[in-house]
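Here is the structure we will look at.
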Amino acid sequence: MKYSVIIPVYNEEENVYALYERLTGVMEKLSPDFELLFINDGSRDKTFPLVKALSVNDNRVKYINLSRNFGHQIAVSAGLDACQGERVVIIDADLQDPPELIAEMDQKMNDGFQVVYARRRKRQGESVSKLLTARLFYRLLANIASIDIPLDTGDFRIMDRKVVNVLKAMPEQNKFLRGQISWIGFRQTFVEYDRSERHGGKTGYTYAKMFRFALDGITSFSDAPLRLASWMGFVVSGFAFLALIYAFWGKFVLHQSVPGWASIIVSVLFLGGIQLLSLGFIGEYLSRISANVKQRPLYIVDETNTAKE
Ligand code: UDP
Ligand code: MG
(Lines give C-alpha, C1' and ligand atoms only; values in the text may rest on other atoms or scores of the structure.)
(Ligands and ions follow the chains in the order given, each with its own letter.)
Protein backbone atom coordinates (compact mmCIF):
# COMPACT_ATOMS: atom_id res chain seq x y z
CA MET A 1 0.00 0.00 0.00
CA LYS A 2 1.42 3.37 -1.02
CA TYR A 3 -0.74 5.87 0.91
CA SER A 4 -2.92 5.87 4.01
CA VAL A 5 -5.07 8.82 4.95
CA ILE A 6 -6.06 8.92 8.62
CA ILE A 7 -9.27 10.78 9.35
CA PRO A 8 -10.57 11.05 12.93
CA VAL A 9 -14.30 11.73 12.90
CA TYR A 10 -16.52 12.93 15.72
CA ASN A 11 -20.02 14.06 14.77
CA GLU A 12 -19.08 14.89 11.19
CA GLU A 13 -22.18 13.64 9.34
CA GLU A 14 -22.38 16.84 7.31
CA ASN A 15 -18.78 16.56 6.13
CA VAL A 16 -18.06 12.88 5.55
CA TYR A 17 -19.36 12.73 2.01
CA ALA A 18 -17.85 16.01 0.79
CA LEU A 19 -14.53 14.99 2.32
CA TYR A 20 -14.67 11.58 0.65
CA GLU A 21 -15.27 13.17 -2.75
CA ARG A 22 -12.46 15.68 -2.48
CA LEU A 23 -9.99 13.23 -0.93
CA THR A 24 -10.53 10.51 -3.50
CA GLY A 25 -10.13 13.15 -6.24
CA VAL A 26 -6.75 14.18 -4.85
CA MET A 27 -5.49 10.72 -3.95
CA GLU A 28 -6.41 9.10 -7.27
CA LYS A 29 -4.08 11.55 -8.99
CA LEU A 30 -1.22 10.54 -6.69
CA SER A 31 -1.62 6.77 -6.85
CA PRO A 32 -4.36 4.18 -7.28
CA ASP A 33 -2.95 2.40 -4.28
CA PHE A 34 -4.34 4.12 -1.18
CA GLU A 35 -6.69 3.65 1.77
CA LEU A 36 -8.91 6.15 3.56
CA LEU A 37 -9.01 5.15 7.20
CA PHE A 38 -11.85 6.71 9.16
CA ILE A 39 -11.68 6.45 12.95
CA ASN A 40 -15.08 7.04 14.46
CA ASP A 41 -14.45 8.55 17.87
CA GLY A 42 -17.81 7.84 19.50
CA SER A 43 -19.95 10.05 17.27
CA ARG A 44 -23.54 10.52 18.36
CA ASP A 45 -24.89 11.30 14.90
CA LYS A 46 -24.99 9.35 11.63
CA THR A 47 -21.25 9.62 10.94
CA PHE A 48 -20.48 5.94 11.41
CA PRO A 49 -23.33 4.52 9.28
CA LEU A 50 -22.30 6.94 6.54
CA VAL A 51 -18.69 5.78 6.64
CA LYS A 52 -19.78 2.17 6.64
CA ALA A 53 -21.99 2.77 3.63
CA LEU A 54 -19.04 4.29 1.78
CA SER A 55 -16.93 1.23 2.57
CA VAL A 56 -19.52 -1.07 1.01
CA ASN A 57 -19.11 0.54 -2.39
CA ASP A 58 -15.44 1.40 -2.14
CA ASN A 59 -13.00 -1.09 -0.65
CA ARG A 60 -10.39 1.63 -0.25
CA VAL A 61 -12.52 2.94 2.61
CA LYS A 62 -11.49 1.42 5.95
CA TYR A 63 -12.95 2.20 9.33
CA ILE A 64 -12.33 1.72 13.02
CA ASN A 65 -15.24 2.28 15.34
CA LEU A 66 -14.04 3.12 18.85
CA SER A 67 -16.20 2.07 21.77
CA ARG A 68 -16.67 5.67 22.95
CA ASN A 69 -15.25 9.19 22.55
CA PHE A 70 -11.55 8.93 23.38
CA GLY A 71 -10.51 12.29 21.96
CA HIS A 72 -8.87 13.43 18.76
CA GLN A 73 -5.26 12.50 19.57
CA ILE A 74 -6.15 8.96 20.57
CA ALA A 75 -8.35 8.51 17.52
CA VAL A 76 -5.39 9.47 15.34
CA SER A 77 -3.16 7.08 17.31
CA ALA A 78 -5.62 4.25 16.62
CA GLY A 79 -5.36 5.11 12.93
CA LEU A 80 -1.56 5.08 13.05
CA ASP A 81 -1.63 1.62 14.63
CA ALA A 82 -3.81 0.14 11.91
CA CYS A 83 -2.74 1.94 8.73
CA GLN A 84 -0.61 0.17 6.16
CA GLY A 85 0.62 2.86 3.79
CA GLU A 86 4.24 3.67 3.04
CA ARG A 87 3.26 7.31 3.40
CA VAL A 88 0.68 8.38 5.95
CA VAL A 89 -1.45 11.54 5.89
CA ILE A 90 -3.31 12.88 8.94
CA ILE A 91 -6.18 15.20 8.10
CA ASP A 92 -9.24 16.70 9.85
CA ALA A 93 -12.65 15.64 8.60
CA ASP A 94 -14.21 19.10 8.49
CA LEU A 95 -12.35 20.26 5.37
CA GLN A 96 -10.50 22.94 7.30
CA ASP A 97 -7.39 21.20 6.03
CA PRO A 98 -7.68 21.38 2.22
CA PRO A 99 -7.11 17.89 0.72
CA GLU A 100 -5.61 19.53 -2.39
CA LEU A 101 -2.58 20.53 -0.31
CA ILE A 102 -1.64 16.85 0.03
CA ALA A 103 -0.27 16.89 -3.54
CA GLU A 104 2.07 19.75 -2.66
CA MET A 105 3.13 18.05 0.56
CA ASP A 106 3.74 14.79 -1.27
CA GLN A 107 5.99 16.61 -3.74
CA LYS A 108 8.27 17.59 -0.85
CA MET A 109 8.33 13.96 0.27
CA ASN A 110 9.63 13.09 -3.18
CA ASP A 111 12.38 15.65 -2.58
CA GLY A 112 13.59 13.50 0.30
CA PHE A 113 11.77 14.80 3.37
CA GLN A 114 10.32 12.34 5.87
CA VAL A 115 7.74 14.62 7.51
CA VAL A 116 5.95 17.49 5.78
CA TYR A 117 3.52 19.42 7.95
CA ALA A 118 1.12 22.16 6.99
CA ARG A 119 1.51 25.51 8.63
CA ARG A 120 -1.46 27.87 8.91
CA ARG A 121 -0.92 31.32 7.49
CA LYS A 122 -4.44 32.51 8.23
CA ARG A 123 -7.43 31.03 9.99
CA GLN A 124 -10.92 31.85 8.85
CA GLY A 125 -14.24 31.57 10.56
CA GLU A 126 -12.95 30.90 14.00
CA SER A 127 -13.97 32.72 17.16
CA VAL A 128 -11.71 35.49 18.45
CA SER A 129 -11.23 33.64 21.72
CA LYS A 130 -10.14 30.46 19.94
CA LEU A 131 -7.66 32.35 17.76
CA LEU A 132 -6.28 34.19 20.75
CA THR A 133 -5.95 31.16 23.03
CA ALA A 134 -4.36 29.12 20.22
CA ARG A 135 -1.88 31.90 19.46
CA LEU A 136 -0.97 32.32 23.11
CA PHE A 137 -0.66 28.59 23.65
CA TYR A 138 1.69 27.98 20.72
CA ARG A 139 3.92 30.88 21.74
CA LEU A 140 4.02 29.84 25.38
CA LEU A 141 4.84 26.29 24.41
CA ALA A 142 7.60 27.43 22.02
CA ASN A 143 9.17 29.36 24.88
CA ILE A 144 9.17 26.69 27.54
CA ALA A 145 9.30 23.41 25.63
CA SER A 146 12.51 21.42 25.66
CA ILE A 147 12.27 20.86 21.89
CA ASP A 148 11.29 23.02 18.90
CA ILE A 149 7.61 22.55 18.16
CA PRO A 150 6.61 24.47 15.01
CA LEU A 151 4.25 27.40 15.55
CA ASP A 152 0.66 27.43 14.23
CA THR A 153 0.76 23.85 13.09
CA GLY A 154 -1.94 21.26 13.66
CA ASP A 155 -1.76 17.57 12.94
CA PHE A 156 -2.34 17.97 9.19
CA ARG A 157 0.80 16.38 7.75
CA ILE A 158 2.34 13.54 5.74
CA MET A 159 4.95 11.16 7.15
CA ASP A 160 6.85 8.18 5.87
CA ARG A 161 6.62 4.67 7.31
CA LYS A 162 9.83 4.98 9.32
CA VAL A 163 8.44 7.93 11.27
CA VAL A 164 5.08 6.23 11.79
CA ASN A 165 6.76 3.12 13.20
CA VAL A 166 8.78 5.18 15.68
CA LEU A 167 5.63 7.07 16.68
CA LYS A 168 3.73 3.82 17.23
CA ALA A 169 6.47 2.58 19.52
CA MET A 170 6.18 5.60 21.82
CA PRO A 171 4.07 4.30 24.69
CA GLU A 172 2.94 7.50 26.41
CA GLN A 173 -0.73 7.79 27.27
CA ASN A 174 -1.12 11.55 27.08
CA LYS A 175 -0.66 12.05 23.38
CA PHE A 176 0.57 15.30 21.91
CA LEU A 177 1.39 13.99 18.46
CA ARG A 178 2.74 17.16 16.88
CA GLY A 179 5.24 17.45 19.75
CA GLN A 180 6.19 13.79 19.58
CA ILE A 181 6.80 14.06 15.85
CA SER A 182 9.08 17.06 16.37
CA TRP A 183 10.88 15.15 19.08
CA ILE A 184 11.48 12.17 16.79
CA GLY A 185 13.51 14.28 14.35
CA PHE A 186 14.36 13.08 10.82
CA ARG A 187 14.18 15.46 7.85
CA GLN A 188 11.14 17.69 8.33
CA THR A 189 9.78 20.64 6.43
CA PHE A 190 6.48 22.47 5.95
CA VAL A 191 4.17 24.05 3.41
CA GLU A 192 1.96 27.03 4.21
CA TYR A 193 -1.77 27.37 3.68
CA ASP A 194 -4.77 29.45 4.63
CA ARG A 195 -7.07 27.54 6.91
CA SER A 196 -10.69 27.81 5.84
CA GLU A 197 -13.93 27.52 7.76
CA ARG A 198 -15.55 24.26 8.71
CA HIS A 199 -17.53 22.78 5.83
CA GLY A 200 -20.45 21.93 8.12
CA GLY A 201 -21.30 21.03 11.70
CA LYS A 202 -19.54 22.49 14.68
CA THR A 203 -16.25 21.99 16.44
CA GLY A 204 -15.81 18.88 18.57
CA TYR A 205 -13.06 20.59 20.55
CA THR A 206 -14.76 22.07 23.59
CA TYR A 207 -12.79 24.47 25.76
CA ALA A 208 -12.40 21.69 28.30
CA LYS A 209 -10.82 19.44 25.66
CA MET A 210 -8.57 22.25 24.46
CA PHE A 211 -7.41 22.91 28.02
CA ARG A 212 -6.57 19.26 28.59
CA PHE A 213 -4.78 19.12 25.25
CA ALA A 214 -2.74 22.23 26.11
CA LEU A 215 -1.76 20.76 29.48
CA ASP A 216 -0.72 17.52 27.80
CA GLY A 217 1.47 19.48 25.42
CA ILE A 218 3.10 21.48 28.16
CA THR A 219 3.63 18.68 30.65
CA SER A 220 4.91 16.29 27.97
CA PHE A 221 7.51 18.64 26.60
CA SER A 222 8.46 20.99 29.40
CA ASP A 223 9.41 20.89 33.06
CA ALA A 224 9.00 24.65 33.34
CA PRO A 225 5.82 24.50 35.46
CA LEU A 226 7.56 22.26 37.99
CA ARG A 227 10.47 24.63 38.14
CA LEU A 228 8.16 27.63 38.19
CA ALA A 229 6.79 26.42 41.50
CA SER A 230 10.19 26.45 43.16
CA TRP A 231 11.10 29.78 41.59
CA MET A 232 7.94 31.36 42.92
CA GLY A 233 8.63 29.90 46.34
CA PHE A 234 12.10 31.44 46.18
CA VAL A 235 10.81 34.88 45.18
CA VAL A 236 8.04 34.90 47.77
CA SER A 237 10.49 33.88 50.52
CA GLY A 238 12.70 36.77 49.42
CA PHE A 239 9.80 39.17 49.83
CA ALA A 240 9.01 37.71 53.24
CA PHE A 241 12.59 38.28 54.35
CA LEU A 242 12.46 41.91 53.19
CA ALA A 243 9.18 42.37 55.02
CA LEU A 244 10.78 41.03 58.19
CA ILE A 245 13.63 43.55 57.98
CA TYR A 246 11.11 46.29 57.36
CA ALA A 247 9.12 45.26 60.42
CA PHE A 248 12.22 45.36 62.67
CA TRP A 249 13.18 48.71 61.19
CA GLY A 250 9.72 50.09 61.95
CA LYS A 251 9.68 48.77 65.49
CA PHE A 252 13.20 49.61 66.72
CA VAL A 253 14.30 52.54 64.58
CA LEU A 254 11.13 54.42 63.71
CA HIS A 255 9.33 53.28 66.90
CA GLN A 256 6.04 52.70 65.18
CA SER A 257 4.45 49.28 65.26
CA VAL A 258 2.59 48.14 62.21
CA PRO A 259 -1.10 48.04 63.05
CA GLY A 260 -2.48 46.46 59.85
CA TRP A 261 -4.07 43.08 59.83
CA ALA A 262 -4.37 43.74 56.10
CA SER A 263 -0.74 42.93 55.53
CA ILE A 264 -1.17 39.64 57.34
CA ILE A 265 -4.20 38.69 55.36
CA VAL A 266 -2.47 39.62 52.12
CA SER A 267 0.62 37.61 52.86
CA VAL A 268 -1.36 34.59 54.04
CA LEU A 269 -3.47 34.64 50.91
CA PHE A 270 -0.47 35.18 48.71
CA LEU A 271 1.46 32.32 50.22
CA GLY A 272 -1.63 30.13 50.19
CA GLY A 273 -2.08 30.87 46.52
CA ILE A 274 1.51 30.04 45.67
CA GLN A 275 1.33 26.81 47.62
CA LEU A 276 -1.87 25.70 45.95
CA LEU A 277 -0.45 26.55 42.55
CA SER A 278 2.72 24.58 43.22
CA LEU A 279 0.75 21.62 44.49
CA GLY A 280 -1.43 21.87 41.41
CA PHE A 281 1.59 21.66 39.10
CA ILE A 282 2.95 18.67 40.95
CA GLY A 283 -0.48 17.07 40.76
CA GLU A 284 -0.60 17.56 36.98
CA TYR A 285 2.62 15.66 36.47
CA LEU A 286 1.68 13.05 39.04
CA SER A 287 -1.63 12.31 37.35
CA ARG A 288 0.23 11.75 34.09
CA ILE A 289 2.69 9.43 35.78
CA SER A 290 -0.16 7.43 37.26
CA ALA A 291 -1.91 7.26 33.88
CA ASN A 292 1.23 5.74 32.38
CA VAL A 293 1.79 3.36 35.26
CA LYS A 294 -1.72 1.95 34.91
CA GLN A 295 -0.88 0.57 31.45
CA ARG A 296 -4.45 0.64 30.29
CA PRO A 297 -5.05 0.25 26.59
CA LEU A 298 -5.16 3.61 24.86
CA TYR A 299 -8.47 2.86 23.15
CA ILE A 300 -10.97 0.09 22.64
CA VAL A 301 -12.09 -1.00 19.19
CA ASP A 302 -15.72 -1.93 18.75
CA GLU A 303 -15.65 -2.83 15.07
CA THR A 304 -13.26 -2.51 12.13
CA ASN A 305 -12.64 -3.66 8.59
CA THR A 306 -8.88 -3.12 8.76
CA ALA A 307 -6.47 -6.04 8.80
CA LYS A 308 -5.91 -5.50 12.50
CA GLU A 309 -8.23 -7.82 14.46
N1 UDP B 1 -12.35 14.95 16.68
C2 UDP B 1 -12.29 13.66 17.24
N3 UDP B 1 -12.61 13.51 18.56
C4 UDP B 1 -12.96 14.57 19.36
C5 UDP B 1 -12.98 15.87 18.78
C6 UDP B 1 -12.67 16.02 17.44
O7 UDP B 1 -11.98 12.69 16.56
O8 UDP B 1 -13.24 14.36 20.53
C9 UDP B 1 -11.99 15.11 15.25
C10 UDP B 1 -12.99 15.91 14.41
O11 UDP B 1 -13.99 15.09 13.84
C12 UDP B 1 -12.10 16.52 13.34
C13 UDP B 1 -10.78 16.71 14.07
O14 UDP B 1 -10.79 15.83 15.18
O15 UDP B 1 -11.89 15.64 12.25
C16 UDP B 1 -10.57 18.15 14.50
O17 UDP B 1 -11.63 18.55 15.34
P18 UDP B 1 -12.38 19.95 15.22
O19 UDP B 1 -12.54 20.37 13.80
O20 UDP B 1 -13.63 19.82 16.03
O21 UDP B 1 -11.34 20.90 15.96
P22 UDP B 1 -10.97 22.41 15.59
O23 UDP B 1 -10.68 22.45 14.12
O24 UDP B 1 -12.16 23.22 15.96
O25 UDP B 1 -9.77 22.68 16.44
MG1 MG C 1 -11.89 21.86 12.65
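Indexing begins at 1, ligand by ligand and atom by atom, following the structure's order.
- When only non-hydrogen protein atoms are considered, atom 25 (O) of ligand 1 lies nearest to Lys130 NZ, 2.8 Å.
- In this structure, Asp41 contributes its side chain and Gly71 its backbone to a donor-acceptor pair below 3.5 Å.
- With sequence neighbours excluded, no residue forms a salt bridge (charged side-chain N to carboxylate O under 4.0 Å, His left out) with Asp148.
- Closest to atom 23 (O) of ligand 1 among all protein heavy atoms lies Gln96 OE1, 2.7 Å.
- For atom 8 (O) of ligand 1, the closest non-hydrogen atom of the protein is Lys209 NZ, 2.7 Å.
- When rounded to 10 degrees, the angle formed at the Mg ion (ligand 2) by OD2 (Asp94) and OE1 (Gln96) equals 100°.
- Looking at atom 17 (O) of ligand 1, its nearest protein heavy atom turns out to be Tyr205 CD1, 3.8 Å.
- Counted within 6.0 Å of NZ on Lys168, heavy atoms from surrounding residues, nucleotides or ligands total more than 12; the atom is thus considered enclosed.
- Of all atoms in ligand 1, numbered sequentially from 1 with element shown, those under 4.0 Å from a heavy atom of Asn69 are 3 (N), 4 (C), 8 (O).
- Contact atoms of ligand 1 toward Asp94: 19 (O), 23 (O) (distance under 4.0 Å to a heavy atom of the residue).
- Close to ligand 1: Arg195, with a non-hydrogen atom less than 4.0 angstrom away.
- Atoms of ligand 1 lying under 4.0 Å from at least one heavy atom of Thr203, given by number and element, are 18 (P), 20 (O), 21 (O), 22 (P), 24 (O).
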Worksheet entry | Trace of the salt bridge (Lys or Arg N to Asp or Glu O under 4.0 Å) decision for Arg60 with Glu28 | CA-CA 11 Å; Arg60 298 168 302 185; Glu28 273 161 9; 3.0 Å; yes
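- Annotation for Arg296 and Gln173: closest pair O-NE2, 2.8 Å, computed over non-hydrogen atoms.
- What sits closest to atom 1 (N) of ligand 1 on the protein, heavy atoms only, is Tyr10 CB, 3.7 Å.
- By the neighbour-count criterion of 12 heavy atoms within 6.0 Å, atom NZ of Lys130 is densely surrounded, having more than that number from other residues, nucleotides or ligands.
- Distances shorter than 4.0 angstrom do not occur between any heavy atom of Lys202 and any atom of ligand 1.
- Residue Gly71 has at least one heavy-atom neighbour below 4.0 Å for each of these atoms of ligand 1: 3 (N), 8 (O).
- Val9 and Ser43 get closest at one heavy-atom pair: O-OG, 3.5 Å.
- Counting heavy atoms only, Glu12 comes closest to atom 10 (C) of ligand 1 of the residues Arg198, His72, Glu12.
- Here the protein heavy atom with the shortest distance to atom 20 (O) of ligand 1 is Gly204 N, 2.6 Å.
- With hydrogens left out, the protein atom closest to atom 16 (C) of ligand 1 is Asp92 OD2, 3.3 Å, a heavy atom.
- For NZ of Lys2, the number of neighbouring non-hydrogen atoms (other residues, nucleotides, ligands) closer than 6.0 Å is greater than 12.
- For a threshold of 3.5 Å applied to N or O pairs, the pair formed by Ala75 and ligand 1 contains no separation below that value.
- In the displayed structure, Tyr205 atom OH is contacted under 6.0 Å by more than 12 heavy atoms of other residues, nucleotides or ligands.
- In the hydrophobic clustering, Val253 connects to Trp249, Leu254, either directly or through intervening members, whenever side-chain heavy atoms lie under 4.5 Å apart.
- Looking only at heavy atoms of the protein, atom 3 (N) of ligand 1 is closest to Asp41 OD2, 2.6 Å.
- Under 4.0 Å is where a charged nitrogen must lie from a carboxylate oxygen, and between Arg120 and Glu192 no such pair does.
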